[in-house]
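Scroll down for the structure; my scribbles are underneath it.
Order of the sequence lines sets the chain letters (A, B, ...), proteins ahead of strands, with each chain counted from 1.
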Amino acid sequence: MTSDAYVKIYAVVRGIPRGRVMTYGAVARRAGLPGRARQVGYALHALPSKAEDVPWQRVVNAEGRISLADWEGGAGLQRSILEAEGVVFDRRGRIDLACYEWRPSGD
DNA sequence: AGTTTGACGCTCC
DNA sequence: CGGAGCGCCAAAC
């Protein structure tokens, strides 16, 4: 899966600073894959949990929520990491994208 | 090679 | 605001 698209996706995700998050759609767009948000999720899913190079935990859906349905505690893990980075979840487990969404400047 | 599935997003109701 | 429907596309069957 050494697709160029994946490389771009990882590059974008890697560029998300600590304490900030990005939506799948935004990452896809930034990676040159407009409308292929699903592909982004697929790419991240293929990542090993050890991939510290790619902060997949900083990627959430357009609602500012964690997508993982009920994978091996993945959702809980992601939330824990984000909270540890300073990201605040509201009572519904949602992130305030207006404040935490990372918008790369110069684009 | 056809079908199903899925870390998504947007529109409609 | 929540649920349903549809579009998108790669990987798994």
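Annotation: cation-pi pair A/Arg79/A/Phe89 present, NZ/CZ under 6.0 Å from the ring centroid and within 45° of its normal.
Within the nucleic acid shown, A/Arg29 has no heavy atom closer than 4.0 Å to any nucleic acid atom.
A salt bridge does not link A/Glu85 to A/Arg20: none of the charged nitrogens lies less than 4.0 Å from a carboxylate oxygen.
As rounded to whole Å, 12 Å separates atom C1' of B/dG6 from atom CG of A/Leu68. Atom C1' of nucleotide C/dC8 and atom OH of A/Tyr24 are separated by 16 Å, given to the nearest angstrom. One can place CZ of A/Arg38 at 16 Å from P of C/dA12, the figure rounded to the nearest angstrom. The nearest whole Å value for the distance from the CZ atom in A/Arg30 to the P atom in B/dG9 is 17 Å. The nearest whole Å value for the distance from the CD atom in A/Gln39 to the C1' atom in B/dG9 is 15 Å. Following rounding to the nearest Å, A/Leu33 (CG) and C/dG7 (C1') show an atom-to-atom distance of 16 Å. The OH-C1' distance, from A/Tyr6 to B/dA7, rounds to 11 Å in whole Å. The CG-C1' distance, from A/Leu97 to B/dC10, rounds to 15 Å in whole Å.
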(message) As a quick check of understanding, evaluate side chain to side chain donor-acceptor pair (under 3.5 Å) for A/Gln39 and A/Tyr6, giving each step before the final call.
(response) CA-CA 9 Å; A/Gln39 187 61 24; A/Tyr6 276 46; 3.2 Å; yes
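Checked against side-chain contact (heavy atoms from CB on, under 4.5 Å), A/Ala51 has the following partners two or more places apart in sequence or in another chain: A/Leu47, A/Pro48. Partners of A/Glu63 under the side-chain hydrogen bond (donor to acceptor under 3.5 Å, both in side chains) rule, at least two apart in sequence or in another chain, do not exist in this structure.
Considering only the side chain of A/His45, B/dA7 comes nearest among C/dG2, B/dG9, B/dA7. For A/Arg94, counting side-chain heavy atoms from C-beta on, the closest listed nucleotide (B/dA7, C/dC1, C/dA10) is C/dC1. Minimum atom distance to the side chain of A/Tyr42 is reached by C/dA10, of the listed C/dA10, B/dG9, B/dA7.
You won't find any donor-acceptor pair under 3.5 Å spanning the side chain of A/Arg36 and the base of C/dC9, going by distance alone.
Note on A/Arg92: a side-chain N or O is less than 4.0 Å away from OP1 or OP2 of C/dG2.
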